[in-house]
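The next block holds one structure in the form of structure tokens; read it before the comments.
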Amino acid sequence: MDPENKVFLLLLLLFHVLLVAAQTSTQDFTALSSLSEFWENKPPSWVGADPCGSGWEGIHCTNSRVTSIILSSMNIGGRLSGDIQSLSELVTLELSYNKDMTGTIPDEIGNLTKLQTLILVGCGFSGSIPDSIGSLKQLSFLALNLNQFTGNIPRTLGNLSSIDWLDLADNQIEGTIPVSDDQGPGLDMLLTAQHFHLGNNKLIGEIPAQLFSSNMKLKHLLLDNNQLNGSIPGTLGVVTSLEVVRLDRNQISGEVPSNISDLINLSELYLSNNKLTGSLPDLTGLNDLTYVDLSNNTFNSAGIPSWASSLPLLTTLKLENTGVEGQIPVSIFNQSNIESVEMRNNQLNGTLDIGNDYSSHLDLIDLENNKITDFDQKNSNIDITVKLEGNNICLETGATSESYCQDSESTVSYSTPANSCTPLVCSSDQVSSPNCKCAFPYTGVLSSRALGFSNLGNTTYYTLIEQSLMTTFQSQNLPVDSVSLSNPFRNSTTDYFQLDLSIFPSQNDRFNRTGVSSIAFVLSNQIYVPPEFFTPYFFNGNNYENYAGESSSKKSHTGIIVGAVVAVVAFLVLSILAGIYAIRQKKRAKKAKDFNPFANWEENKNSGSAPKLKGARWFSFEELKKYSSNFSESNTIGSGGYGKVYQGVLPSGELVAIKRAAKESMQGAVEFKTEIELLSRVHHKNLVGLVGFCFDKGEQMLVYEYIPNGTVMDSLSGKSGIRMDWMRRLKVAAGAARGLAYLHELADPPIIHRDIKSSNILLDDHLNAKVSDFGLSKLLDSDTGHITTQVKGTMGYLDPEYYMTQQLTEKSDVYSFGVLMMELVTGRRPIEQGKFIVREVVRAMDKSKELYNLQAILDSAITKQNTPKGLEKFVDLALKCVKEHAAERPAMAEVVKEIENIMELAGLNPISESATTSATYEDASGRHPYGDDDFAYTGVFPTVKLEPH
Ligand SMILES: *[C@@H]1O[C@H](CO)[C@@H](O)[C@H](O)[C@H]1NC(C)=O
Ligand SMILES: *[C@@H]1O[C@H](CO)[C@@H](O)[C@H](O)[C@H]1NC(C)=O
Ligand SMILES: *[C@@H]1O[C@H](CO)[C@@H](O)[C@H](O)[C@H]1NC(C)=O
Ligand SMILES: *[C@@H]1O[C@H](CO)[C@@H](O)[C@H](O)[C@H]1NC(C)=O
Ligand SMILES: *[C@@H]1O[C@H](CO)[C@@H](O)[C@H](O)[C@H]1NC(C)=O
């Protein structure tokens, strides 16, 4: 932690001690604060200084100590810092499904000696699993699957003497499976473990014989999809508790040890895609077997073994490419549960006879590429898929047209049907639930690592999964209305069975954070126990973008220590903005994709509701094309998320900027119309004026007056070559403030800009400030149907209170304006190298000194020649604008007045226009400023305040 953060934490602490009769230990509050300093998008309820007492989401406490952190699917980004070690009473740490959680697991995790459950499924963690995890003597549940871990399995895991569930699957873990020796411990010591899930990694070497012993309790041994070689150790046969064995998709050779037939509890055996030799294993007596796959090995040729016809629960027999030959016994098809017999690429011959007593569950017989000469039931109308392509029977002319000679890929589809109701057509992001309510489901992929059946078309299985899920959610009192499964398939790489799962909320149309994380925890922590045929499973949750109740604004305490308060504000702003920004970008991308406005527009056009415009004119596509030289590269003066901006020349000689929407960012016709109607009514010399628009040939364009001298941001950075002395900065501030005051107080209806920033203030040829881009698109979001807007704005300028409450007021613009003022005095971006400008100014400030002791932080361009007169008052005003509480911020009209006072103090006539003219500034360097993504002319919709002013 850098010293600056330490100071900050100290302040927070002081704050905490002075003001709160907290229920949280100081140590834990400090730990959580510093932990979340490395996070983006932490839950909005994480404010104040009392995590246990004021209900920080995901935090659970016992006697003022944090004992559990459950933040699954919270869309948190960032890394897990070593500060976690201070939460010394922590029992459960669950951060699953936060895809943007990256970095390594810190070594300090080993200090959490009380930890029993550590679940980091489906995040972006990487690096080696730290040896220190082996110090967690109480750990019983360790799930690190679905990340990008590399390195070896630490042999220290052998010290986890309480472990039950060990899941490291779906990573890129290398090396051999460690067992204990004189170098240290190994996995053979984990006698309490029931689950070794190590599949889909890069493990090499042999499966150590020492790994297995008769005093183990192991139920699931998953080593599939690795690069293991050597043979299957005979010791495997002594672990009679085993129910699922997956060794498939490795390079295992040698014979299958004969004592595999001692595994009397075995229900699923996957040995396929190895290099096994010798005879097919004898599975006689393994009467719990449901699924056997021995395919793609190099066993000796032999007839079909007798056990293949005598396993009472067998649903699936896969002996593809295993060297079996001779006639297929009819008894195979009589086994009462058999669904699928798959024996492609063998030497089976004679007649295929499935008899008359075949199982009612029989669904597929795949015998392609054998030597079968006849099919007994070929003329009867059986409801079984039979595949005989590549057999003698199909190679003879005459039979080739039979369906059993066609190599048809059967695809199954399933989707939970509506529950005796009519599904609704919902607005874009919402989905009609099985109970026919439009809602935002929490979604993810539910996978079985060892499916016990093969007839994916039998809907009974899905119904059983749905019912068991609902039973679990209900017994856990979770706010779930219904679940829906869809898109079942076997992943051909891993042979895992995947299903899309959507979980619908029972309260309102969306979940809150606690709802989602509790549901995710039930799935990640295996509280949900599915039907036997689906175990073992894992879930991979998606981000949930539609949290309810985000407006929970906790009262925070102000007024004791100004420094602390400002620090708190600055800290909150800093840490949330990154998250907001990320969401906003994501949403933008997503929304843009869903839009298809033209159908609407066409309707509108025919119904004759043409825009009511004041002054703005309509342009045809052809006209604008001509004025911009075919939208040529050389006329391009900017591009961004919205589309491109072209310079154009009207026949009158007037220069214009033509903002042409990209296809994916076009808006609905109604919204577009509303927008141009509004923009056409706004006229002020400090606002960029709308000249006209184009709504033609599937295009949406806005034509603005051309503002030649680029953005304030460019001027401050020196990019545009305009020297910005103190006087010019004051003038810019005054101009922008007047434009904004007009939007707030004189426009009808009032307009809240929502995105005041230096790149949205343009300079005309008299260096008058012109506010552009009136407001971020609120309507773009309104397809979700909420009037409470999602928080919009730009990182660094965003009003923290607006973020907390989602209540948008003019004071949010005042806040952004305050940040802009800070930019004007410092010449720095609001957030530079992780430092927030407001916080930096406050830190450096000493009111007893000249220029408030800010010389080091002020832009040298304003201090170079003369002392900037009125600078202190300017800083005072800026600080008022960025007050935490909107109510304490001045209105824009007051800001205008105060800046005018400062101008007079500095010797400028605030009314006169002549302070700076085009003749007195160095000309722009030729580079045009509309270059970067979020520059001027990028957003288009004004935000209209609905209540009368
Ligand atoms: C905490 O963990 C670190 C790194 O593993 C270790 O160096 C340190 O000694 C531990 N501290 C305690 C109190 O266990
Ligand atoms: C056997 O190997 C072939 C060729 O690689 C592959 O297409 C097939 O899916 C494998 N069969 C099984 C059951 O894994
Ligand atoms: C079928 O194959 C078996 C074993 O390869 C062989 O002994 C037998 O003669 C074959 N039967 C026919 C009818 O070709
Ligand atoms: C579907 O599976 C269930 C459960 O195993 C079974 O009872 C039912 O008979 C199966 N239906 C068909 C058509 O195979
Ligand atoms: C299949 O599994 C692999 C490995 O886990 C994964 O990368 C891939 O995305 C899966 N395929 C699908 C379609 O989900």
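For ligands, and for the atoms within them, numbers begin at 1 and follow the listed sequence.
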In terms of residue, atom name and distance, what is the protein heavy atom nearest to atom 9 (O) of ligand 4?
-> H361 NE2, 3.0 Å
Where is the nearest protein heavy atom to atom 14 (O) of ligand 2: which residue, which atom, and how far?
-> N273 ND2, 2.9 Å
Shortest non-hydrogen separation from N75 to N41 and the atoms involved = O-ND2, 3.0 Å
Nitrogen or oxygen of N296 less than 3.5 angstrom from that of ligand 2 | yes
Knowing that exactly one of N273, N274, D248 qualifies, which makes a side-chain hydrogen bond (donor to acceptor under 3.5 Å, both in side chains) with N296?
-> N273
Q498 heavy atoms within 4.0 Å reach ligand 5 at atoms 1 (C), 10 (C), 12 (C), 14 (O)
Answer yes or no for N321: is there a heavy-atom contact with ligand 2 below 4.0 Å?
-> no
Taking atom 13 (C) of ligand 2 as the point of reference, which of R344, E320, E342 owns the nearest heavy atom?
-> E320
Establish, yes or no, whether a centroid distance under 6.0 Å links the rings of F504 and F440.
-> no
Contact atoms of ligand 5, heavy-atom distance to N200 under 4.0 Å | 4 (C), 5 (O)
Honestly, for Y461 the part within reach of ligand 4 (heavy atoms, under 4.0 Å) is side chain
Presence of salt bridge, D167 and R449, under 4.0 angstrom | yes
Are the charged groups of D366 and R344 less than 4.0 angstrom apart, N to O?
-> yes
Going by distance alone, is a donor N or O of one side chain under 3.5 Å from an acceptor N or O of the other, for S279 and N300?
-> no
S295 N/O to ligand 2 N/O under 3.5 Å | no
Does the side chain of M343 come within less than 4.5 Å of L367's, by heavy atoms?
-> yes
How close do N250 and Q227 get, heavy atom to heavy atom, and via which atoms?
-> OD1-N, 3.3 Å
Which one holds for R249 and ligand 2: side chain close, backbone close, both close, or neither close, with close meaning a heavy atom under 4.0 Å?
-> side chain
Which of the ligand 5 atoms, numbered from 1, are nearer than 4.0 Å to a heavy atom of F489 = 12 (C), 13 (C), 14 (O)
Carboxylate-amine/guanidinium contact K219 D164, below 4.0 Å | no
Evaluating non-hydrogen atoms only, which member of N458, T290, T315 is closest to atom 2 (O) of ligand 4?
-> N458
Report the member of N455, T460, L362 with the shortest heavy-atom distance to atom 4 (C) of ligand 4.
-> T460
